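Written below as structure tokens is the structure these notes are about.
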Amino acid sequence: MKYKINAFLYYDATEGSLKLDDNGTSDTTLSITANALLYVLIQNPGVMTRDSVMKQVWDDNGLVSSNSNLNQYISLLRKTFRNYGIENIIVTIPKGRLEINPTLTIEVIDNNILHPVLQQQLIHDELADKQQETSDKAKQEKSTEISVDKNWGYAGLFIFIFACVMFFISHLSESASPQGIKLTAVDHDRCELLSIEKMINTAVKEGFIKSFDAVRTRLSINCGEDERFLFYYGDKLQTNGLGRTFLAHCAKHEDNPFSYCENYFYYAWK
């Protein structure tokens, strides 16, 4: 599903991309969750409740929703569209409601491909129709018997897995307790930055920050409030790029500081 926003910005919901006619210079790839949120709001013009949005983007896809997580992705989308000169892509309305900015012009230019967000709902609806058509009493009795057999099978599997877990826990209790990974806070002028390694001197710290900024800039990620980053790269001498590189872009949360993260891993960063 493809759209043209304000007659100059192309949004491909299947790829999760934003593009201009500039040979890819200003292309942006949205994360899976940010893409799903934008697509749901575009597909439901007008006012939506926050609960409805969280259900379609998170709950219906087997994810745990929360208002703090929703606020985080609204903020990320607003920042992304601001880079294209579009302010306030998502409008918040009192009493917990949202809508895509009604002042925008959104044109459908290709609707041949169904976005993955709606595939699950389509399958669910088709299965519901088939179940209503096959309500014969004999088939229901047979289905009940099969269901009982499956439940016994699931119960046996659960007992087996539980026994394995208990054995594993018992085995671990006999050995020394593992030590957790200690994170080092790295001073950065714009971002809250963490490392799994110690900054042993100024040169190491400056090289770490320089490499972090290079990766963040290449991925078009901006620093914001209530956000933190965890960064690692393997080739400290940079003989052939940064080597194996990992970046976690996380939203702060009162229960777990790393509950909601967008993770990027590259086997060989050039």
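Sequential numbering from 1 along the given sequence is applied to the chain's residues. Computed from a predicted structure; not experimentally measured.
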Point to revise | Glu107, CD: over 12 other non-hydrogen atoms inside 6.0 angstrom | key: yes
Review point. With a 3.5 Å cut-off and no angle check, do the side chains of Tyr10 and Ser17 form a donor-acceptor pair?
Key: no
Check your understanding: Counting only heavy atoms not in Ile106, do more than 12 sit closer than 6.0 Å to its CD1 atom?
Key -> yes
**Study point:** Rounded distance [0.5 Å steps], CG in Asn101 versus OG1 in Thr103
**Key:** 3.5 Å
Revision key, fill the gap. Between Lys4 and Ile109, the two heavy atoms sitting closest are CB-CG2, 4.2 Å
**Study point:** Pair Tyr232-Glu197, side-chain contact (heavy atoms from CB on, under 4.5 Å): steps then yes or no
**Key:** CA-CA 8 Å; Tyr232 168 84; Glu197 301 171 313; 3.8 Å; yes
Practice item. Compare every heavy atom of Leu9 with every heavy atom of Leu20, then report the nearest pair and how far apart it is. Key: CD2-CD1, 3.8 Å
Practice item. Would you please test Glu227 and Lys79 for salt bridge (charged side-chain N to carboxylate O under 4.0 Å, His left out) and show each step? Key: CA-CA 13 Å; Glu227 298 175 12; Lys79 291 178 181 178; 3.3 Å; yes
Review point. Are Tyr233 and Phe231 an aromatic pair by the rule of ring centers under 6.0 Å?
Key: yes
Check your understanding: Can you tell me if CG on Asn23 sees more than 12 non-hydrogen neighbours from other groups inside 6.0 Å?
Key -> no
Review point. From Asn222 CG over to Cys191 SG, what is the distance, rounded to the nearest 0.5 angstrom?
Key: 8.5 Å
Check your understanding: If we only count heavy atoms from C-beta on, is the Asn61 to Val57 side-chain gap below 4.5 Å?
Key -> no
Point to revise | Distance-minimising heavy-atom pair for Ala248 and Asn263 | key: CB-OD1, 3.3 Å
**Study point:** side chain to side chain contact (heavy atoms under 4.5 Å, CB included) partners of Asp51, counting only residues at least two apart
**Key:** Thr49, Met54
Point to revise | ring pair (Phe, Tyr, Trp, His ring centres under 6.0 Å) pairs, two or more places apart, involving residues 184-207 | key: His188-Phe212
Review point. Mind checking whether Phe229 and Leu247 have side chains closer than 4.5 Å, heavy atoms only?
Key: yes
Practice item. Say whether Ile32 and Ile221 are linked into one hydrophobic cluster, either directly or through other cluster members, by side-chain heavy-atom distances under 4.5 angstrom. Key: no
Exercise for review: Report the distance from atom CG of Leu183 to atom OG of Ser195, rounding to the nearest 0.5 Å.
Suggested key: 8.0 Å
Review point. Among all residues two or more places apart in sequence or in another chain, which pass the side-chain hydrogen bond (donor to acceptor under 3.5 Å, both in side chains) test with Glu87?
Key: Arg82
Practice item. Classify the side-chain pair Tyr39/Gln56 by whether it contains a donor and acceptor separated by less than 3.5 Å. Key: no
Exercise for review: Only counting residues at least two apart or in another chain, list the ones meeting ring-ring contact (aromatic ring centres under 6.0 Å, His included) with Phe246.
Suggested key: none
Review point. Under 3.5 Å, is there a donor-acceptor pair between the side chain of Asn88 and the main chain of Val91?
Key: no
Exercise for review: Mind checking the OG1-CG spacing from Thr80 to Leu18? Nearest 0.5 Å is all I need.
Suggested key: 7.0 Å
**Study point:** Close side-chain approach of Leu70 to Trp58, heavy-atom, < 4.5 Å
**Key:** yes
Review point. In Å and rounded to the nearest 0.5 Å, what is the CD1 to CD distance from Ile100 to Gln43?
Key: 11.0 Å
Practice item. Give a yes or no answer on whether the side chain of Asp110 reaches the backbone of Lys2 with a donor-acceptor pair at less than 3.5 Å. Key: no
**Study point:** Non-hydrogen side-chain atoms of Thr28 and Asn83 separated by less than 4.5 Å
**Key:** no
Review point. Are Ile42 and Tyr11 close enough, and set up right, to give a side-chain contact (heavy atoms from CB on, under 4.5 Å), and what steps lead you there?
Key: CA-CA 11 Å; Ile42 289 178; Tyr11 166 49; 3.8 Å; yes
Review point. Is there a path from Val64 to Tyr73 through hydrophobic residues (I, L, V, M, F, W, Y) whose side chains come within less than 4.5 Å of each other?
Key: no
Check your understanding: Would you say Arg228 and Leu194 make side-chain contact, with heavy atoms under 4.5 Å?
Key -> yes
Exercise for review: Mind jotting down which residue pairs meet the salt bridge (charged side-chain N to carboxylate O under 4.0 Å, His left out) criterion with at least one end in residues 200-213? Sequence neighbours excluded, please.
Suggested key: Asp187-Lys205, Asp213-Arg216
Check your understanding: Can any side-chain N or O of Tyr84 pair as donor or acceptor with the backbone N or O of Ser26 at less than 3.5 Å?
Key -> yes
**Study point:** Exam field: side chain Asn71 to backbone Asn67, donor-acceptor pair closer than 3.5 Å
**Key:** yes
Check your understanding: Does a donor on one side chain sit under 3.5 Å from an acceptor on the other, for Thr33 and Ser31?
Key -> no
Practice item. Output all residues satisfying side chain to side chain contact (heavy atoms under 4.5 Å, CB included) with Thr92, sequence neighbours left out; order by chain, then residue number. Key: Arg78, Leu98
Practice item. Report the C-alpha separation of His249 and Leu76 in whole Å, then their side-chain angles, then the decisive distance to 0.1 Å, and conclude whether the side-chain contact (heavy atoms from CB on, under 4.5 Å) test is met. Key: CA-CA 11 Å; His249 181 197; Leu76 289 176; 3.8 Å; yes
Practice item. Any chance you could measure Met48, atom CE, to Ile93, atom CD1, to the nearest 0.5 Å? Key: 11.5 Å
Review point. How far apart are the closest heavy atoms of Ala13 and Asn35, and which atoms are they?
Key: O-ND2, 2.9 Å
**Study point:** pair Ile86-Phe8: side-chain heavy atoms closer than 4.5 Å
**Key:** yes
Practice item. Would you kindly confirm whether Ile89 and Val47 end up in one hydrophobic cluster when ILVMFWY residues are joined by side chain heavy atoms under 4.5 Å apart? Key: no
Check your understanding: Less than 4.5 Å apart, any side-chain heavy atom of Leu77 and any of Ile90?
Key -> yes
Point to revise | Min side-chain heavy-atom separation Asn44-Val53 under 4.5 Å | key: no
Review point. So, does Thr14 use its side chain to make a donor-acceptor pair with the main chain of Met1 at under 3.5 Å?
Key: yes
